[in-house]
Number of protein chains: 2
Amino acid sequence: MAKKKTAKPECDARPVSLPDDATAEELAQLAWAVAHPARVRIVRLLISREACVCGEIVAELPLAQSTVSQHLKILKESGMIQGEIDGPKVCYCINASKLDALKKLIANL
Amino acid sequence: MAKKKTAKPECDARPVSLPDDATAEELAQLAWAVAHPARVRIVRLLISREACVCGEIVAELPLAQSTVSQHLKILKESGMIQGEIDGPKVCYCINASKLDALKKLIANL
DNA sequence: ATCGTCAATCGTCGATTTGCGATAAAGAGG
DNA sequence: CCTCTTTATCGCAAATCGACGATTGACGAT
């Protein structure tokens with residue numbers, strides 16, 4: 001934390017941006033979920049298919065299964081997608097509310 | 001959620017993923033520009049003020065000048081903002097077309 | 001010409017991300 | 001029971017990010 005000791009008499013006097021700060025982190029977090037080509041493709045895939053087994057996602061991407069699993073974990077932690085266990089498989093689907101939240105936050109920029 | 005049959009889902013007969021791939025990278029790149037709270041705040045600041053000197057941005061954020069400069073560089077490289085040298089100061093402003101590009105890409109997700 | 005201000009860049013540090021192979025865990029099926 | 005399939009997780013390595021102080025370069029003013 002930079003604590004400037006140098007005198008700063010009359011430069012800034014604007015405590016106007018408090019709600020800004022709150023949504024800034026939320027937007028950053030959601031944007032970050034989509035800030036990787038592989039994750040963009042996963043999100044698009046889930047939107048277009050509405051539901052998708054993990055194996056299909058892996059087959060769709062030029063990445064190793066473990067890497068795709070990592071991206072899925074990141075997307076799940078961000079709340080953008082959800083995964084339901086279905087026997088030995090896992091069925092992922094988009095979380096519409098989170099996606100809408102991202103859309104709104106970006107649109108209201 | 002509509003669940004596919006447990007049998008093989010005949011889904012992959014679609015050579016449609018060429019434009020997907022192209023915009024996936026573009027979206028990821030633009031999303032990454034706003035995937036940090038400080039950069040979100042910078043972008044918002046520039047939108048609300050339309051133009052802003054670097055010093056003001058530094059004063060607005062709880063970060064060192066060099067760190068803010070880094071974020072400005074990232075935003076500039078992504079095309080989201082532009083900087084014009086004005087004497088010893090540098091005046092930054094938003095790049096509306098890039099911002100719109102991001103908004104469209106997110107909205108069309 | 002010299003000084004002070006403003007912003008970019010350099011070098012460094014620690015933390016995080018990204019990718020992979022290998023392994024473990026959980027069911028389904030023979 | 002054993003085996004196969006499917007997915008998550010565990011290291012591990014390379015790369016990148018984020019933050020900072022210090023320095024540099026550019027410009028205006030004195």
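Per chain, numbering begins at 1; letters A, B, ... match sequence-line order.
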Expected rows: protein N/O vs nucleotides 5-7 of chain C N/O, under 3.5 Å:
{"residue": "C:dA7", "atom": "OP1", "partner": "B:C54", "partner atom": "N", "Å": "3.2"}
{"residue": "C:dA7", "atom": "OP1", "partner": "B:G55", "partner atom": "N", "Å": "3.2"}
{"residue": "C:dA7", "atom": "OP2", "partner": "B:G55", "partner atom": "N", "Å": "2.8"}

Identify all pairs in which a protein N or O lies below 3.5 Å from an N or O of nucleotides 13-18 of chain D, and state each distance.
{"residue": "D:dG18", "atom": "OP2", "partner": "B:R39", "partner atom": "NH1", "Å": "3.3"}

May I have the list of side-chain donor-acceptor pairs in residues 78-91 of chain B shorter than 3.5 Å, sequence neighbours left out?
{"residue": "B:S78", "atom": "OG", "partner": "B:L75", "partner atom": "O", "Å": "2.9"}
{"residue": "B:S78", "atom": "OG", "partner": "B:M80", "partner atom": "N", "Å": "3.3"}

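A:L63 comes within contact range of the sugar-phosphate backbone alone, with a heavy-atom separation under 4.0 Å but no base atom that close.
The hydrophobic cluster containing A:I74, built from Ile/Leu/Val/Met/Phe/Trp/Tyr side-chain heavy atoms closer than 4.5 Å, also comprises A:W32.
Linking Ile, Leu, Val, Met, Phe, Trp and Tyr residues whenever their side-chain heavy atoms come within less than 4.5 Å places B:L27 and A:L63 in a single cluster. In the hydrophobic clustering of ILVMFWY residues, with side-chain heavy atoms under 4.5 Å counting as a link, B:V53 and B:L46 come out apart.
The side chain to side chain contact (heavy atoms under 4.5 Å, CB included) check on A:A64 picks up A:S66, A:T67, with sequence neighbours excluded. The side chain to side chain contact (heavy atoms under 4.5 Å, CB included) search around B:C54 returns B:V58, B:L72, B:Y92, not counting sequence neighbours. Checked against side chain to side chain contact (heavy atoms under 4.5 Å, CB included), A:S69 has the following partners two or more places apart in sequence or in another chain: A:Q65.
Each end of the helix from C:dA1-D:dT30 to C:dG30-D:dC1 gets its own axis from five base pairs, and the two axes differ in direction by 10°, given to 10 degrees.
The CD1-C1' distance, from A:I42 to C:dG19, rounds to 14 Å in whole Å. Computed from coordinates, the B:D86 CG to D:dG28 P distance equals 9 Å when rounded to whole Å. At whole-Å resolution of the value, CG in A:L61 and P in D:dT7 are 13 Å apart. As rounded to whole Å, 16 Å separates atom P of D:dT6 from atom CG of A:L72. In this structure, A:Q29 places its CD atom 14 Å from P of C:dT16, rounding to the nearest Å. Taking atom CD1 of residue A:I81 and atom P of nucleotide D:dT7, one finds them 13 Å apart after rounding to whole Å. Residue B:E84 contributes atom CD, which lies 13 Å from atom P of C:dA8 at whole-angstrom precision.
Contact annotation: the side chain of A:I47 approaches that of A:L99 to within less than 4.5 Å [non-hydrogen atoms, C-beta and beyond]. Using a 4.5 Å heavy-atom cutoff, the side chains of B:I106 and B:L30 are not in contact.
Residue pairs meeting the side-chain hydrogen bond (donor to acceptor under 3.5 Å, both in side chains) criterion with at least one partner in residues 97-109 of chain B, sequence neighbours excluded, are B:N95-B:S97. Evaluation of the ring-ring contact (aromatic ring centres under 6.0 Å, His included) test over residues 37-78 of chain A, restricted to residues two or more places apart or in two chains, returns A:H36-A:H71.
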